Enquirer: 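Handing you a structure now.
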Amino acid sequence: MMNIVLTLCLSLFLTQHTSPVQMTVILETVYMDGEVSEEIREETVISMKDIWNKYKDWQLINMDEEQIVFQRYVDDLSPLTKAGYFGLTEDGTLSIFEGKPGESSRVIQSFFQIDVKKLESHEREKLKKGISVRSKRNFERVIEAYEPFGK
């Protein structure tokens, strides 16, 4: 319902202007890991048809006389998470770090505490060095592998 109202408002706004309208278009990409990236563009809006064709894969979220906000959901990890490494925080929480766990203390995302005593030494060592996230599939595999060791 909200989308229909926004569409009608945008249509009315554009029909009231006989010349092209300069607007800010904000494109929000929401990733499965909760990260949101935002791209801001200055667009010359000539017609409703043109704007809908250009952003047909996006959902209209908000608009006013100066800007239009579109959003899309991506069923994948954000580039930030893909570049990260799984490791353990000092309290034993499985987390993704911005860099390798020993080199970076910035945690991007935390999951659950692990009973480190139950891990074999080579598994503890892998987490200490950091396990590269790289892909959604690898992300899911690591979570599944360490879930049984959760407290």
Side-chain angles (χ1 to χ4, degrees), residues 1-114 126-151:
M1 181 68 175
M2 179 73 162
N3 244 356
I4 294 169
V5 172
L6 289 171
T7 303
L8 290 172
C9 289
L10 183 59
S11 295
L12 286 171
F13 173 73
L14 291 174
T15 54
Q16 290 172 355
H17 293 83
T18 54
S19 59
V21 179
Q22 193 67 25
M23 297 188 83
T24 301
V25 175
I26 300 172
L27 303 174
E28 295 178 349
T29 303
V30 180
Y31 295 92
M32 66 173 277
D33 56 5
E35 291 291 323
V36 179
S37 69
E38 189 176 271
E39 181 182 343
I40 299 172
R41 298 178 176 181
E42 293 301 319
E43 298 267 356
T44 302
V45 180
I46 299 169
S47 76
M48 187 64 191
K49 184 179 179 184
D50 290 343
I51 201 81
W52 283 124
N53 283 337
K54 189 168 186 177
Y55 299 106
K56 65 182 175 224
D57 297 329
W58 297 78
Q59 182 179 2
L60 179 63
I61 300 299
N62 197 4
M63 67 144 296
D64 58 31
E65 292 181 6
E66 297 172 3
Q67 72 178 20
I68 305 171
V69 180
F70 289 104
Q71 191 177 73
R72 71 175 174 181
Y73 175 78
V74 176
D75 187 26
D76 198 3
L77 300 172
S78 67
L80 176 66
T81 299
K82 282 183 179 179
Y85 289 83
F86 280 101
L88 295 175
T89 60
E90 298 222 359
D91 70 352
T93 302
L94 181 66
S95 301
I96 296 177
F97 292 81
E98 192 170 19
K100 291 194 176 190
E103 301 168 10
S104 170
S105 60
R106 182 166 181 266
V107 173
I108 298 171
Q109 194 171 5
S110 294
F111 301 96
F112 46 83
Q113 272 194 313
I114 289 182
K126 278 176 29 181
L127 287 170
K128 186 177 179 183
K129 288 181 179 178
I131 301 169
S132 181
V133 176
R134 290 188 315 265
S135 68
K136 177 182 172 183
R137 188 172 181 193
N138 197 47
F139 171 88
E140 291 168 342
R141 282 182 182 163
V142 172
I143 297 294
E144 287 173 16
Y146 288 102
E147 233 169 8
F149 302 101
K151 288 185 179 180

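Just so it is clear, the structure is predicted and the values come from calculations on it, not from any experiment. All residue numbers refer to positions in the sequence shown, counting from 1. Note that these values count all heavy atoms, side chains included, but never hydrogens, waters or copies made by symmetry.
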Enquirer: Please assess Asp76 against Lys82 for the test side chain to side chain contact (heavy atoms under 4.5 Å, CB included), listing each intermediate value before the final yes or no.
Expert: CA-CA 9 Å; Asp76 198 3; Lys82 282 183 179 179; 2.9 Å; yes
Enquirer: Just verifying a value: how many Å separate Asp57 CG and Arg72 CZ, rounded to the nearest 0.5 Å?
Expert: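 Reported to 0.5 Å precision, the distance equals 8.0 Å.
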Enquirer: Can you check side chain to side chain contact (heavy atoms under 4.5 Å, CB included) on Tyr146 and Ile131, steps first, answer last?
Expert: CA-CA 12 Å; Tyr146 288 102; Ile131 301 169; 3.8 Å; yes
Enquirer: Please determine whether side chain to side chain contact (heavy atoms under 4.5 Å, CB included) holds for the pair Leu80 and Glu98, giving the CA-CA distance in whole Å, both sets of side-chain angles, and the decisive distance to 0.1 Å.
Expert: CA-CA 7 Å; Leu80 176 66; Glu98 192 170 19; 4.2 Å; yes
Enquirer: Going by the rule salt bridge (Lys or Arg N to Asp or Glu O under 4.0 Å), which residues pair with Glu42 if we only count those two or more places apart in sequence or in a different chain?
Expert: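 Salt bridge (Lys or Arg N to Asp or Glu O under 4.0 Å) check on Glu42 returns nothing, list empty.
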Enquirer: Taking the side chain as everything from C-beta on, heavy atoms only, tell me whether Val133 gets closer than 4.5 Å to Phe86.
Expert: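 Val133 vs Phe86: side chains touch.
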Enquirer: With a 4.5 Å cut-off on side-chain heavy atoms, are Thr81 and Tyr31 touching?
Expert: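 No, every pair of side-chain atoms sits at 4.5 Å or beyond.
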Enquirer: Students often mix this up, so state it plainly: with edges at 30° and 60°, are the rings of Tyr55 and Trp58 parallel, tilted or perpendicular?
Expert: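 The rings of Tyr55 and Trp58 stand perpendicular, inter-plane angle above 60°.
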Enquirer: Give me the atom names and distance for the closest heavy-atom approach of Pro101 to Tyr85.
Expert: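 Looking at all heavy atoms of both residues, the closest pair is CD-CB, 4.1 Å.
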Enquirer: Start with the C-alpha distance between Asp50 and Val45, add both sets of side-chain angles, then the distance that settles side chain to side chain contact (heavy atoms under 4.5 Å, CB included), and finish with yes or no.
Expert: CA-CA 8 Å; Asp50 290 343; Val45 180; over 6 Å; no
Enquirer: Hey, could you give me the CZ/NZ distance between Phe70 and Lys56, rounded to the nearest 0.5 Å?
Expert: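 Taking CZ in Phe70 and NZ in Lys56, the distance rounds to 13.0 Å.
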Enquirer: Shortest non-hydrogen contact from Asn138 to Ser132?
Expert: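 Looking at all heavy atoms of both residues, the shortest contact is ND2-O, 2.6 Å.
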Enquirer: Just to verify, what does Lys54 make a salt bridge (Lys or Arg N to Asp or Glu O under 4.0 Å) with, not counting sequence neighbours?
Expert: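 Partners of Lys54 under the salt bridge (Lys or Arg N to Asp or Glu O under 4.0 Å) test: Glu43.
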Enquirer: Does atom CZ of Arg41 have more than 12 heavy-atom neighbours from other groups under 6.0 Å away?
Expert: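 Enclosed: over 12 neighbouring heavy atoms sit under 6.0 Å from CZ of Arg41.
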Enquirer: Please report the interatomic distance NZ(Lys126) to CG(Leu88), rounded to the nearest 0.5 Å.
Expert: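 CG of Leu88 is found 12.0 Å from NZ of Lys126.
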Enquirer: Is the side chain of Asn62 donor-acceptor paired with the backbone N or O of Val69 at a distance under 3.5 Å, no angle test?
Expert: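 Not confirmed, Asn62 side chain does not pair with Val69 backbone.
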Enquirer: By side-chain contact (heavy atoms from CB on, under 4.5 Å), which residues pair with Asp75, not counting sequence neighbours?
Expert: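 By the side-chain contact (heavy atoms from CB on, under 4.5 Å) rule, Asp75 matches Met32, Tyr73, Lys136.
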